[in-house]
Amino acid sequence: MCEAAAADGGGCGELRAPARRRRAPARSGCFRQYFVHKFRAMLGKNRVIFPGEKVLLALSGGPASSAMVQQVQEGLSRETAKRLRFVPGLIYVDEGSVRGQSPAQREQSLAHMETLLQETGFPYHLAYLEQALELPASILRPGPEQSSESGPSYKEAVDGFIQQQQWQEGDRDGGTSLPSTQDTPAGPSQRLPPATLTQELQRLFEAVETPTAREELLQMLRLHLILQTARTRGYTKVMTGESCTRVAIKLLTNLSLGRGAFLAVDTGFVDNRHGDVMVVRPMREYTAKEIAFYNHFFHVPTVIAPPLPTKRREKPSIHRLIERFLMGLQEDFPSTISTVYRTGEKLSPAPAIASCESERCLLCLCALDIAGEEELALEPTLIMDEPEFVENGCCQDAPLAGTESKAAFIPLLCYSCRLTFKELGPLATLPPYVRAEAQRRICRTEEMKQQSQEAPPEDKEHSKN
């Protein structure tokens, strides 16, 4: 047996087993280097995160976001050759109230997530989806965008950060230290939101007519809550964990929902429609299979949230239908996901850019793609609500008054958001910040019309000439 094995180049059976044990770590080591290099290359190629910037990592507990946090942890460790230079923080949004979890289950999952957040050593923020009902109306307005001309270039910022780091190392022994968790707010994991807020949120989701609109509403509330946390805590960037597989699914989903003009913004590496806070997607080059192998090899903990409950399972949302369709094709044709992903790379974000508020969608902040509006048959299908008039008609005294019907919102929305808004139920169940911002914009439009009508005839003649 030994001679036969030696002829094959393997030696005795007792010697082959240790050889296998030596090769397995080598394979995982190569895979780890490949995985780390792809993450660093994505950040280095785009150069949108400057040294010293505060970056908020949106952690859902899923495989992609957990692997992203693991990459940031390793990039900030002292043993890393080329360390990351930004200051990270974590946010976890609890969605148990709309995912069918009981209060006991929510507290249990929150305690588990808080343990994982504390183990990272980063500052973390626990948020509840109910808090989205208390957001200010300003969240639907883009903040002041930072000018790149007045600030230093990327190379100057890196040189300045390295010099400052060397001064700090001269004063104390240590490299790039991990952010301290002393400023982390007291963990509210054992204190759930008030029952009235939870019931109001549940009424909002129960009023939604279709699973597709329910998925869109959940994504909107989650994003707005993360943006508000980033603004109040001083973060200029938000990292999300969409993988290549998730990006491909989102491409076809948004295309089916009428968001074809905004695909580059919804799925690209950079999403700067919010002005002062930029959303980046550093995991979009990884497939779900690569992330699963990485988490398995290096024991990255993950937490899978339950899906949104549906009344009729035979009619899932468009999001789930597209996911099943693509994953089914991927089994038979392994290049399906990468083909869809690479196609999305060729799209331009220009159609999503709006020059002023009147040309910007109320919900998604993208440009209003309403060319040929007279051909759309959406507005007549809206259920007209009873008018909500106020005697004095003052918008400032009653911010929610004056919105007469759901049709009054239509001119403020892009085509895709109009389709979603039609299925969100009555106006009374909508989030207060959405109604308040809509009323502000409606009142402003009416004031501008009155000013144009009251303009002197001489000014009108000059404007015609």
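Basis for what follows: all heavy atoms, side chains included, without hydrogens, waters or symmetry-related copies.
Not a single donor-acceptor pair under 3.5 Å links the side chain of K406 to the backbone N or O of L427. Remark: side-chain polar atoms of E437 are not paired, donor with acceptor, to backbone N or O of V434 under 3.5 angstrom. No donor-acceptor pair closer than 3.5 Å links the side chain of T240 to the backbone N or O of E242. Judged by distance alone, with hydrogens and angles left aside, the side-chain atoms of Q330 form a donor-acceptor pair with the main-chain N or O of I337 at under 3.5 Å. Side chain of R83 to main chain of L76: no donor-acceptor pair is present (N/O by atom type, distance under 3.5 Å, no hydrogens or angles). Side chain of R281 to backbone of G241: no donor-acceptor contact under 3.5 angstrom is found. In this structure a side-chain-to-backbone donor-acceptor pair under 3.5 Å is missing from Y415 to L257. Looking only at distances, no side-chain donor or acceptor of Q33 sits under 3.5 Å from a matching main-chain atom of C30. In this structure a side-chain-to-backbone donor-acceptor pair under 3.5 Å is missing from T429 to G425.
Here the CD-SG distance, from E359 to C366, works out to 13.0 Å after rounding to the nearest 0.5 Å. Between M220 atom CE and L363 atom CG the span is 5.5 Å, to the nearest 0.5 Å. For the atom pair CD1 of I249 and CZ of R324, the computed distance is 12.0 Å after rounding to the nearest 0.5 Å. To the nearest 0.5 angstrom, R246 atom CZ is 13.0 Å from T267 atom OG1. Note that CG of L90 is 11.5 Å distant from CD of Q118, once rounded to the nearest 0.5 Å. To the nearest 0.5 Å, atoms CG (L56) and NZ (K237) are separated by 12.5 Å.
The nearest pair of heavy atoms linking L308 to V98 is CD2-O, 3.4 Å. The two residues L347 and A264 have their closest heavy-atom pair at O-CB, 3.8 Å. Minimum heavy-atom separation, T245 to A288: OG1-N, 3.0 Å. The nearest pair of heavy atoms linking C417 to R259 is SG-NH1, 4.0 Å. For the pair C356 and S358, the tightest heavy-atom approach, listed with the atom from each and the gap, is SG-OG, 3.1 Å. For the pair F409 and A438, the tightest heavy-atom approach, listed with the atom from each and the gap, is CE2-CB, 3.2 Å.
Side chains of T212 and H319 form a contact here, defined as non-hydrogen atoms less than 4.5 Å apart. Within the 4.5 Å cutoff, the side chain of L84 has heavy atoms near those of the L43 side chain. In this structure, L204 and L217 have side chains that are in contact, with non-hydrogen atoms separated by less than 4.5 Å. Proximity of L218 to F205: side-chain heavy atoms (C-beta onward) are separated by under 4.5 Å at one or more points. Between L110 and Y128 the shortest side-chain heavy-atom distance falls below 4.5 Å. Side chains of C364 and C414 form a contact here, defined as non-hydrogen atoms less than 4.5 Å apart. For the pair D94 and R106, the minimum side-chain heavy-atom distance is below 4.5 Å. In this structure the side chain of E423 never reaches within 4.5 angstrom of the side chain of L419, judged on heavy atoms.
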* Test log, rule side chain to side chain contact (heavy atoms under 4.5 Å, CB included), inputs V303 and M113 -> CA-CA 8 Å; V303 178; M113 281 303 306; 3.7 Å; yes
* Chi angles and distances behind the side chain to side chain donor-acceptor pair (under 3.5 Å) call for T420, E216 -> CA-CA 7 Å; T420 302; E216 289 293 304; 4.7 Å; no
* Derivation and outcome, side chain to side chain contact (heavy atoms under 4.5 Å, CB included), residues E119 and L116 -> CA-CA 5 Å; E119 291 176 354; L116 297 179; 4.0 Å; yes
* To do: List the steps and the verdict of side chain to side chain contact (heavy atoms under 4.5 Å, CB included) for R231 and H274.
  => CA-CA 11 Å; R231 287 176 176 175; H274 307 286; 4.3 Å; yes
* To do: Go through the steps for L255 and L263 under the test side chain to side chain contact (heavy atoms under 4.5 Å, CB included), then give the verdict.
  => CA-CA 8 Å; L255 192 62; L263 291 180; 4.1 Å; yes
* Begin with the C-alpha distance, continue with both residues' side-chain angles, and end with the deciding distance and a verdict on side chain to side chain donor-acceptor pair (under 3.5 Å) for R284 and Y341. => CA-CA 9 Å; R284 61 194 304 273; Y341 171 78; 3.1 Å; yes
* **side chain to side chain donor-acceptor pair (under 3.5 Å) between S66 and T302, intermediate numbers included** => CA-CA 6 Å; S66 300; T302 59; 5.7 Å; no
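Figure legend: cation-pi geometry between K54 and F86 absent, as NZ or CZ is not positioned both under 6.0 Å from the six-membered ring centre and within 45° of its axis.
One finds a salt bridge joining R320 and E323 here, because a Lys/Arg side-chain nitrogen approaches an Asp/Glu carboxylate oxygen to under 4.0 Å. Using a 4.0 Å cut-off between charged nitrogen and carboxylate oxygen, K38 and E290 count as a salt-bridge pair. Salt-bridge check for R360 with E357: failed, with every basic side-chain N at 4.0 Å or more from each acidic carboxylate O. With salt bridges taken as basic N to acidic carboxylate O contacts below 4.0 Å, none links E209 and R214. Salt bridge status for D266 with K250: absent, with no side-chain N to carboxylate O gap under 4.0 Å.
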Show the atom names and distances, to 0.1 Å, of all donor-acceptor pairs under 3.5 Å that link a side chain in residues 292-301 to residues at least two apart or in another chain.
{"from": "Y294", "atom 1": "OH", "to": "Q71", "atom 2": "NE2", "distance (Å)": "2.8"}
{"from": "Y294", "atom 1": "OH", "to": "E74", "atom 2": "OE2", "distance (Å)": "3.4"}
{"from": "N295", "atom 1": "ND2", "to": "P63", "atom 2": "O", "distance (Å)": "3.2"}
{"from": "N295", "atom 1": "ND2", "to": "I291", "atom 2": "O", "distance (Å)": "3.4"}

Using atom types as modelled, flag every donor-acceptor pair under 3.5 Å from a side chain in residues 192-201 to any protein atom, sequence neighbours excluded.
{"from": "T198", "atom 1": "OG1", "to": "E130", "atom 2": "OE2", "distance (Å)": "3.0"}
{"from": "T198", "atom 1": "OG1", "to": "P194", "atom 2": "O", "distance (Å)": "3.4"}

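Separation of the Y124 and Y92 ring centroids does not fall under the 6.0 Å cut-off.
A search for side-chain contact (heavy atoms from CB on, under 4.5 Å) contacts involving A261 returns P351, not counting sequence neighbours.
The neighbour count for Q202 CD, taken as heavy atoms of other residues, nucleotides or ligands under 6.0 Å away, is above 12.
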